[in-house]
There are 2 protein chains.
Amino acid sequence: MKKNEINFAEAESCPVRNILDRFGDKWSTLVILILGNYDKLRFNELQKMIGTVSQKMLAVTLKKLEADGLVTRKVYPQVPPKVEYSLTELGLSLLPKIESLVQWANENMVEITENRSLSGVK
Amino acid sequence: MKKNEINFAEAESCPVRNILDRFGDKWSTLVILILGNYDKLRFNELQKMIGTVSQKMLAVTLKKLEADGLVTRKVYPQVPPKVEYSLTELGLSLLPKIESLVQWANENMVEITENRSLSGVK
DNA sequence: CGGGATCCACGCGGATACTG
DNA sequence: CAGTATCCGCGTGGATCCCG
């Protein structure tokens with residue numbers, strides 16, 4: 001009783017795998033989410049907002065998102081330097097999908113946590 | 001120009017972080033997606049369908065999903081043993097959110113891949 | 001067949017120090 | 001301020017063997 005013949009096997013040919021591999025990391029989705037709430041943010045503002053991210057990982061994450069074309073990086077030529085990050089059109093088109101996931105998370109978090117603590121699995 | 005005052009900082013109090021930490025692993029979303037397409041699957045069927053997952057990781061993934069209450073595990077008491085996995089109500093409620101993400105992935109995969117190869121970032 | 005138990009490599013990601 | 005460079009611990013996840 002299968003619906004579509006989707007090939008999940010090979011990572012390269014499977015968009016699901018590709019996308020999930022990209023945004024399955026620790027910080028990407030969170031950065032997109034935050035940039036969706038505040039439309040422009042500086043590096044330090046982002047870091048303070050997330051709170052627990054290291055400079056290195058925030059830099060790496062932003063670089064990847066910029067490379068994917070999801071985030072724009074605007075540099076103001078001044079001293080001290082000022083850099084602002086914001087979502088691109090592409091990034092904005094992804095935002096509602098992630099927010100939809102977040103909404104589900106908010107609605108079902110309690111139930112999942114209860115299930116998990118009952119089962120005893122870490 | 002911020003919208004909601006969301007506290008992204010502490011992982012425990014932030015549903016986003018919690019959910020993303022759970023499903024941000026390598027196989028969870030894929031398993032949910034496949035079980036959504038085929039409503040019942042045995043362990044080996046799942047493994048062959050994914051193709052590149054090890055026994056260990058599939059077992060761990062299914063255990064976590066079962067502990068969360070997203071997947072049901074039905075054991076048939078016979079020799080050789082037969083176990084069927086399927087999505088629970090909770091799992092089914094998550095499915096469309098993930099499929100929505102997959103749809104976005106399919107639509108924008110090419111553009112992202114192009115962007116990334118142009119930028120030179122791995 | 002459906003896993004559990006072990007061992008181990010690799011890479012993510014944190015801490016720290018330094019620079020334009 | 002906005003990063004880069006380096007070092008390194010630790011957890012994810014693969015390979016292999018074993019068991020009911």
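The basis for the numbers below is simple: all heavy atoms, side chains too, and nothing from hydrogens, waters or symmetry mates. Per chain, numbering begins at 1; letters A, B, ... match sequence-line order.
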**Prompt:** For B:Q103 and B:E99, does a side-chain donor sit closer than 3.5 Å to a side-chain acceptor?
**Reply:** no
Rounded to whole Å, CG of B:L46 lies from P of C:dG3 at a distance of 10 Å
Between CD1 of B:I50 and P of D:dG13 the distance, given in whole Å, is 12 Å
Rounded to whole Å, CD of B:Q47 lies from C1' of D:dG13 at a distance of 14 Å
Closest of C:dC1, C:dG3, D:dT4 to the A:A59 side chain is D:dT4
Atom CD of B:Q78 and atom C1' of C:dC1 are separated, to the nearest Å, by 10 Å
Whole-Å distance, B:L62 CG to C:dG2 P, equals 11 Å
Sorted by chain and residue number, the side-chain hydrogen bond (donor to acceptor under 3.5 Å, both in side chains) partners of B:K97 (sequence neighbours excluded) come out as none
Subject >> Any A:R42 side-chain N or O less than 4.0 Å from OP1/OP2 of D:dA2 >> reply: yes
Between CZ of B:F43 and P of C:dC1 the distance, given in whole Å, is 12 Å
note: B:L58, atom CG; D:dA15, atom C1'; distance rounded to Å ~ 16 Å
Quick note, B:R73 side chain, CB onward, closest among C:dG3, D:dT4, C:dC1 is C:dG3
Per-nt protein contacts along nucleotides 5-20 of chain C (heavy atom under 4.0 Å; B base, S backbone sugar-phosphate only, - none) come out as -BB-----BBB-B--B
Whole-Å distance, A:E45 CD to D:dA2 P, equals 8 Å
### Message
Hydrophobic clusters here meaning ILVMFWY residues chained together by side-chain heavy-atom distances under 4.5 Å, can you tell me if A:V60 and A:L70 are in one?
### Response
no
Between B:Y76 and B:L35, is there a shared hydrophobic cluster once you connect ILVMFWY residues whose side-chain heavy atoms come closer than 4.5 Å? no
message = Does A:Y85 reach a base, just sugar-phosphate, or nothing at all? Heavy atoms under 4.0 Å.
response = sugar-phosphate
